[in-house]
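For reference, the structure discussed in these notes is given below.
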Amino acid sequence: MLPGNALLEASLRRFVVSRSFVTSCRQTALNGYRKISQILHPLQSYSKKGHSTNGLQATNTGFSSLALSDAQRRTIYALSTPPGKAGVAVVRISGPDAQDVWRRMVRLYNTNDRGREPRPWKMERCKVVHPESGETLDDGLAVFFKAPRSFTTEDVIELHVHSGRAVISSILSALSCFSACRPAEPGEFTRRAFEGGRLDLTQVEGLKDLIDAETETQRRLALDAAGGVSRARFEDLREGIIKSLAMVEAIIDFSETEDVEEGVFEEARARVIQLRSTIQRYLSDSRRGEILRSGIRLAIFGPPNAGKSSLLNFLAQREAAIVTSVPGTTRDILELSLDIGGLPVIVADTAGLRDTEDLVESIGVERARKMVLGADVALCVLSLPEALHRKDGGERCLKVPPMLEPLITPSTFFLLNKIDLVPSPTDVNGIEFNRSWTVSLSTGFGTKNFLDGFARALRERYDILQDTQSEQPVITHARHRVHLESALRFLEAFLSTAPEDVVLGAEELRYAARAVGRISGAIDVEDVLDSLFREFCIGK
Ligand SMILES: Nc1nc2c(ncn2[C@@H]2O[C@H](COP(=O)(O)OP(=O)(O)OP(=O)(O)O)[C@@H](O)[C@H]2O)c(=O)[nH]1
Ligand SMILES: [Mg+2]
């Protein structure tokens with residue numbers, strides 16, 4: 001009888017063997033490709049003395065060479081810092097010919113060092129020269145990152161030069177003299193890091209989010225993803241599914257020839273039940289990761305003339321919206337991306353809600369209603385002089401116009417504006433109104449208190465990064481949710497298969513592992529890759 005662990009090991013070994021087979025096939029194909037390239041391009045193998053490279057050779061030999069296709073020009077270069085005048089710019093070169101670029105374009109300051117190989121991972125003071133004329137293009141620093149310990153996992157050179165239009169264009173044009181080098185496509189350095197296994201897809205997304213981050217919370221969330229926090233969680237999940245699959249496959253492979261230890265199927269089921277609850281936990285995050293990444297959608301709504309546009313202008317600290325004393329001034333939705341207490345918030349000012357005969361205004365009112373219903377957070381602005389009422393007993397209370405009532409939920413926030421127009425402001429003190437602040441947007445009374453309180457309320461609702469008690473969101477992109485939901489369905493399907501249908505059960509687990517693998521890019525995600533890397537800038 002084979003014990004459960006031995007079965008597991010045997011099955012895992014099969015995975016490893018098939019993996020190494022695939023690797024050796026790839027190597028053979030690669031060798032074949034190199035040989036064919038040499039036959040097709042004899043000139044490429046010609047190299048100047050001392051200019052040999054480990055890739056396809058740049059043929060600056062003084063006579064015409066066969067043109068290389070983009071796929072053959074494996075070494076890429078780009079300006080990695082924003083163009084414009086600045087102290088420093090970084091030009092990055094990555095690929096098998098990077099060392100050749102160093103030999104012909106980097107002149108170390110110390111004459112004794114001239115001609116020596118670059119010292120990996122060390123900044124060196126140098127002149128950057130033209131590879132053909134030897135003319136000095138700039139004075140700067142160069143660093144060589146030896147493969148695979150570089151961002152792209154290839155040989156990489158960074159030239160730190162002065163950031164000026166003429167300097168950069170002279171260096172880029174000098175690089176174009178190397179026939180094996182070509183300008184990088186947007187995101188191509190990162191794509192190579194992904195293809196070299198340095199980053200998985202969640203880290204690539206994190207890196208892009210980090211570059212795009214505009215608030216403190218987005219920065220921290222993106223930094224975690226880029227650092228591999230999400231990668232580790234998804235990898236654990238996939239490994240867990242593969243282990244369960246290995247157990248189930250062991251039953252299929254060995255149960256007819258040898259006695260399989262009792263309870264292996266039950267053990268696999270127990271593991272899958274655990275994995276299922278982990279996925280369910282990740283999914284029940286109220287979409288906080290996605291909301292924080294893309295911005296909390298805040299809808300400002302209320303009756304006309306209450307001060308909604310004045311609030312938007314106060315939050316934006318500029319006259320973004322038109323403010324007049326005419327009720328119905330705002331007709332359409334005006335959105336601004338703002339930073340409120342370190343959180344990214346997309347604030348929408350809307351048309352005042354009222355019944356109207358005006359066609360244009362009524363369209364605006366309908367848009368406003370839809371915006372409030374679809375928003376993550378709704379903030380209702382009321383004008384105190386209009387909202388304050390006296391009950392029969394003479395007691396003061398606040399009344400919301402009936403048209404607004406269907407839009408009010410237990411989580412709606414209120415801004416009670418125009419306190420300066422209330423004859424006796426103390427009347428408002430005793431009124432119990434949840435999640436509300438009393439202000440005058442005209443005089444500034446209460447606005448600091450409102451901003452602090454509102455930012456705190458948003459952080460309590462969304463900023464899980466500050467809350468050490470709760471788990472950080474694992475899902476930061478809609479794509480992650482889609483694949484996790486699909487993995488969950490396959491795990492459910494496995495759990496509902498009978499032990500005698502073990503072959504079907506294994507298939508469900510295989511699909512579940514594939515679904516999770518798609519998140520990290522472990523399997524066929526070509527479509528995702530293309531769209532994702534296109535969003536990067538050139539030089540990243
Ligand atoms: N006295 C006083 N007037 C205010 C205050 N806040 C806004 N207002 C005035 O109220 C009027 C309406 O302000 P808006 O910000 O345009 O109001 P709104 O809610 O956007 O109005 P609509 O776009 O018509 O729905 C303007 O004349 C503002 O100057 C306040 O706190 N006190
Ligand atoms: Mg307005």
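Atoms within a ligand are numbered from 1 in the order they appear, just like the ligands themselves.
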Out of all atoms in ligand 1, which are within 4.0 Å of some heavy atom of [X]? Include the element for each.
| X | answer |
| --- | --- |
| Gly307 | 13 (O), 14 (P), 15 (O), 17 (O), 18 (P), 19 (O) |
| Val326 | 24 (O) |
| Asp420 | 1 (N), 2 (C), 30 (C), 31 (O), 32 (N) |
| Ser325 | 27 (O) |

Self-check item: Evaluation steps, side-chain hydrogen bond (donor to acceptor under 3.5 Å, both in side chains), between Thr412 and Thr409
Solution: CA-CA 5 Å; Thr412 305; Thr409 70; 3.3 Å; yes
Is the backbone of [Y] close enough, under 3.5 Å, to the side chain of [X] for a donor and an acceptor to pair up by distance?
| X | Y | value |
| --- | --- | --- |
| Asn417 | Ser383 | no |
| Arg293 | Thr476 | yes |
| Arg459 | Gly341 | yes |
| Gln203 | Asp200 | yes |
| Thr217 | Gly342 | yes |
| Arg297 | Ala348 | no |
| Lys308 | Pro303 | yes |
| Thr329 | Ser325 | no |

Nearest non-hydrogen protein atom, [atom]:
| atom | answer |
| --- | --- |
| atom 21 (O) of ligand 1 | Asn305 N, 3.0 Å |
| atom 6 (N) of ligand 1 | Asn417 ND2, 3.1 Å |
| atom 10 (O) of ligand 1 | Lys418 NZ, 3.1 Å |
| atom 26 (C) of ligand 1 | Thr324 O, 3.3 Å |
| atom 25 (O) of ligand 1 | Lys308 NZ, 2.7 Å |

Please work out whether any backbone atom (N, CA, C, O) or any side-chain heavy atom from C-beta onward of [X] is under 4.0 Å from ligand 1, and answer side chain, backbone, both or neither.
| X | answer |
| --- | --- |
| Thr443 | neither |
| Pro327 | backbone |
| Val323 | both |
| Leu311 | neither |

Self-check item: ligand 1 N/O within reach of Ala306 N/O, cut-off under 3.5 Å
Solution: yes
Practice problem: Kindly indicate, with the supporting measurements, whether the criterion side-chain hydrogen bond (donor to acceptor under 3.5 Å, both in side chains) is fulfilled by Asp358 and Thr356. | Solution: CA-CA 5 Å; Asp358 184 306; Thr356 170; 5.4 Å; no
Quiz item: Listing residue and atom name, which protein N/O/S atoms are closer to the Mg ion (ligand 2) than 2.8 Å?
Solution: Ser309 OG, Thr330 OG1
Between [options], which one has a non-hydrogen atom sitting closest to [atom]?
| atom | options | result |
| --- | --- | --- |
| atom 31 (O) of ligand 1 | Val422, Leu334, Leu441, Leu416 | Leu441 |
| atom 24 (O) of ligand 1 | Ala351, Pro304, Gly328, Gly352 | Gly328 |
| atom 3 (N) of ligand 1 | Ser310, Ser442, Ser440, Ala368 | Ser442 |
| atom 23 (O) of ligand 1 | Leu421, Thr330, Leu353 | Thr330 |

Practice problem: Evaluate side-chain hydrogen bond (donor to acceptor under 3.5 Å, both in side chains) for Asp339 paired with Thr215, printing each intermediate quantity in order. | Solution: CA-CA 6 Å; Asp339 178 333; Thr215 67; 5.4 Å; no
Practice problem: Return the minimal non-hydrogen interatomic distance between Leu207 and Ala226, and the atom names on each side. | Solution: N-CB, 3.8 Å
Quiz prompt | Positive for ring-ring contact (aromatic ring centres under 6.0 Å, His included) with Phe234, one of His483, His480, His477 | solution = His480
Quiz item: What residue among Trp437, Phe445, Phe413 forms ring-ring contact (aromatic ring centres under 6.0 Å, His included) with Phe450?
Solution: Trp437
Self-check item: Heavy-atom side-chain proximity of Leu407 to Leu373 below 4.5 angstrom
Solution: yes
